[in-house]
Amino acid sequence: MNPAPPVTQMTEPMDDLLTKSQLDAAPILPRGFYQRPTLEVAGELLGALIVRRTDAGVVAVRITEVEAYLGVADPACHTFGGRRSRRNESMWGPAGHAYVYRIYGLHCCLNIVTVGDGTPEAVLIRGATTVHGGGLVADRRGPTVARRSWTDGPGKLCRALAVGLTDDGADLCSAEGALTVRRGAGAATVGEVERLPRVGVDYAGEAADWPLRLRLK
DNA sequence: TCTAGGATCGGCT
DNA sequence: GCCGATCCTAGAT
């Protein structure tokens, strides 16, 4: 006689929007996708899926909000003026890799490197909705956090996906990788995207007003 | 070596 | 809506 089923079955979310097989069927965005103008990439990342594999299981989110950071000519960007350091080294590398950094000593932010070939630009993933692995996310975010608040900020998103500094530089285009970005079933269509100024970059002068924050309505 | 400040979050009022 | 937490990073000296 077997006792009661394991607790994990109870935390298995009843409302995952995508199944494991649907995730596997979604094609990984190829490196060429990222080797284009950053704003173009940012717009097309809306609706795409970030799939995270760990020993604990698989979590997938659909990207709903991003910000474009335009490299050496963008005062809000970590590589403005050609700045290059250990922290932002990943931005100087090939496109399609992760750039993860710690902010305020507390949180991590996930970026995707674009363009490549010594053009250090990136797209910051600001917000997403969980489409698979909700039980795991609930465990990571804690019981007091409402579902809608699981991934509605860059730091929260990293916690939900268990993304940390060890993921800095990770290749997002490799099927074997623990972190991949896949084409979303319902990618954003023209007219559903609103363009806003970026958050928290007041120090960047007029660049703070550039409408490089893209959000699904 | 020192110091100021930050691409945030969550608790409290 | 406000404010404190917390520590890494880059720039100044």
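Note that the coordinates shown come from a computational prediction; the quantities given were computed from them, not determined experimentally. Hydrogens, waters and symmetry mates play no part in the numbers below; they use all other heavy atoms, side chains included.
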K.L.:
Respond yes when some side-chain nitrogen or oxygen of A:R159 is under 4.0 Å from OP1 or OP2 of B:dC9, and no when none is.
P.N.:
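For B:dC9, OP1/OP2 do not have a side-chain N/O of A:R159 under 4.0 Å.
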K.L.:
With the criterion being N/O to N/O and under 3.5 Å, what pairs connect the protein with nucleotides 10-13 of chain C, and how long is each?
P.N.:
from   : atom 1 : to    : atom 2 : distance (Å)
C:dA10 : OP1    : A:S85 : OG     : 2.1

K.L.:
Identify all pairs in which a protein N or O lies below 3.5 Å from an N or O of nucleotides 2-6 of chain C, and state each distance.
P.N.:
from  : atom 1 : to     : atom 2 : distance (Å)
C:dT6 : O2     : A:Y104 : O      : 2.7

K.L.:
Please list, by residue number, the residues of residues 70-77 of chain A whose heavy atoms come closer than 4.0 Å to an atom of DNA chain B; answer none if no residue qualifies.
P.N.:
A:A76
K.L.:
Could you list the protein-to-nucleotides 2-5 of chain B atom pairs, N/O on both sides, closer than 3.5 Å?
P.N.:
none

K.L.:
Run the side-chain hydrogen bond (donor to acceptor under 3.5 Å, both in side chains) test against A:D24 and tell me which residues pass, sequence neighbours left out.
P.N.:
A:K20, A:R53
K.L.:
Just grab all the side-chain hydrogen bond (donor to acceptor under 3.5 Å, both in side chains) pairs involving residues 69-86 of chain A, residues at least two apart or on different chains.
P.N.:
A:E67-A:Y69, A:D74-A:R198, A:H78-A:Y99, A:R84-A:E89
K.L.:
Check DNA chain B for consecutive Watson-Crick or G-U pairs with both distances under 3.5 Å and list the runs of at least three as stems.
P.N.:
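The stems are B:1-6 with C:7-12, B:8-12 with C:1-5.
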K.L.:
A:E176: what forms a side-chain hydrogen bond (donor to acceptor under 3.5 Å, both in side chains) with it, not counting sequence neighbours?
P.N.:
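By the side-chain hydrogen bond (donor to acceptor under 3.5 Å, both in side chains) rule, A:E176 matches A:S174.
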K.L.:
Considering only heavy atoms, which members of residues 161-172 of chain A lie under 4.0 Å from some atom of DNA chain C?
P.N.:
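Going residue by residue through residues 161-172 of chain A, none turns out to have a heavy atom under 4.0 Å of DNA chain C.
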K.L.:
Only counting residues at least two apart or in another chain, list the ones meeting side-chain hydrogen bond (donor to acceptor under 3.5 Å, both in side chains) with A:R141.
P.N.:
none
K.L.:
List in numerical order all residues of residues 196-214 of chain A for which some heavy atom is under 4.0 Å away from an atom belonging to DNA chain C.
P.N.:
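Within residues 196-214 of chain A, no residue comes under 4.0 Å of DNA chain C.
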K.L.:
Taking the nucleotide of DNA chain B with the nearest heavy atom to each, does A:K156 or A:Y99 sit closer to the 5' end?
P.N.:
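Final value for this comparison: A:Y99.
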K.L.:
Taking side-chain hydrogen bond (donor to acceptor under 3.5 Å, both in side chains) as the test, write out the residues that go with A:S21, two or more places apart.
P.N.:
A:T19
